[in-house]
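Keep in mind the model is a prediction, meaning the values are calculated, not measured. Index from 1, following the sequence.
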Amino acid sequence: MTIKRKFKRFFALDDEYDEDEIEIEDDIEETHHPVERGKKSDKKNIVSLSSIQNQAKVLLLEPHSYDEVQEIADHLKNRKAVVINLQRISRDQAKRIVDFLSGTVYAIGGDIQKLGSNIFLCTPDNVNVTGSISEMFEQS
């Protein structure tokens, strides 16, 4: 059998058989199943990419006291980004919350950024934030 004929047989382009080739090729066909063009495969293990795509969630939180900082840290440990508005609590408690969250973000390899006056964005390591809000205001 020539190499050209072997390729045709492997890719199911040649339907002619020699009797000597049938025994050898039956063994090959048991292990290799060439894909036939124009037919859909009946594979059940194929998964659509859209079904495995996870939605990223950003939580907007406005704590009323330092006691709520543990809940915020739990969200960060669960790999969710959190925007925290600290405008309605005292300056001392806001500073303690930022210090606690800075340590949490450092421990999980994330990032904390100031978005505005007493508003912070805390992100885990799976979220990448580029740019800065202060740069946008300077360009205007």
Side-chain angles (χ1 to χ4, degrees):
M1 182 186 320
T2 65
I3 292 177
K4 184 176 179 182
R5 186 153 185 152
K6 284 182 183 180
F7 280 114
K8 285 183 179 180
R9 286 287 304 130
F10 183 76
F11 292 108
L13 298 174
D14 187 14
D15 292 332
E16 297 177 15
Y17 295 100
D18 291 337
E19 288 182 18
D20 296 333
E21 296 174 6
I22 292 174
E23 292 178 22
I24 297 170
E25 291 178 5
D26 284 343
D27 294 336
I28 294 172
E29 287 180 11
E30 288 177 9
T31 57
H32 299 287
H33 299 287
V35 177
E36 294 181 23
R37 295 180 184 183
K39 291 186 178 180
K40 290 185 177 180
S41 63
D42 294 332
K43 302 213 180 224
K44 295 179 182 177
N45 60 351
I46 296 177
V47 179
S48 169
L49 287 177
S50 62
S51 66
I52 61 171
Q53 185 180 30
N54 294 331
Q55 283 188 327
K57 292 186 178 181
V58 178
L59 298 170
L60 304 173
L61 299 175
E62 189 173 11
H64 299 304
S65 67
Y66 179 76
D67 297 334
E68 298 176 35
V69 75
Q70 183 65 41
E71 178 186 339
I72 298 168
D74 289 339
H75 289 302
L76 288 168
K77 288 190 328 188
N78 290 330
R79 302 174 68 96
K80 294 179 183 171
V82 181
V83 175
I84 304 145
N85 182 2
L86 300 173
Q87 293 179 346
R88 294 191 179 183
I89 63 173
S90 69
R91 182 172 172 83
D92 293 335
Q93 285 189 357
K95 189 171 184 175
R96 288 179 59 201
I97 289 173
V98 170
D99 288 342
F100 184 87
L101 291 176
S102 295
T104 303
V105 167
Y106 177 77
I108 63 172
D111 190 26
I112 186 167
Q113 292 182 358
K114 186 172 184 175
L115 299 180
S117 176
N118 294 324
I119 299 175
F120 295 88
L121 172 64
C122 299
T123 56
D125 61 343
N126 65 327
V127 178
N128 186 15
V129 179
T130 57
S132 175
I133 290 180
S134 61
E135 290 177 13
M136 289 183 196
F137 288 125
E138 291 174 4
Q139 291 175 359
S140 299

Cluster check V129, V58: I/L/V/M/F/W/Y, side chain < 4.5 angstrom: yes
Min side-chain heavy-atom separation V83-I119 under 4.5 Å: yes
I108 to L76 - nearest heavy-atom pair and separation: CD1-O, 3.6 Å
Pairwise side-chain contact, L101 with F120, heavy-atom cut-off 4.5 Å (strictly under): no
Atom pair OG (S117) and CG (N85), whose distance is rounded to the nearest 0.5 Å: 9.0 Å
Nearest atoms (heavy-atom pairs only) where P63 meets L86: CG-CD2, 3.7 Å
Cluster overlap L59 with V127, hydrophobic side-chain contacts below 4.5 Å: no
Distance (rounded to the nearest 0.5 Å) between L121 CG and D111 CG: 7.5 Å
From H75 atom NE2 to L61 atom CG, the distance as rounded to the nearest 0.5 Å: 5.5 Å
Closest non-hydrogen atom pair, I84 against C122: CD1-SG, 3.6 Å
Contact list for residues 86-98, test side chain to side chain donor-acceptor pair (under 3.5 Å), sequence neighbours left out: E62-R88
Side-chain heavy atoms of I72 within contact of T104, under 4.5 Å: no
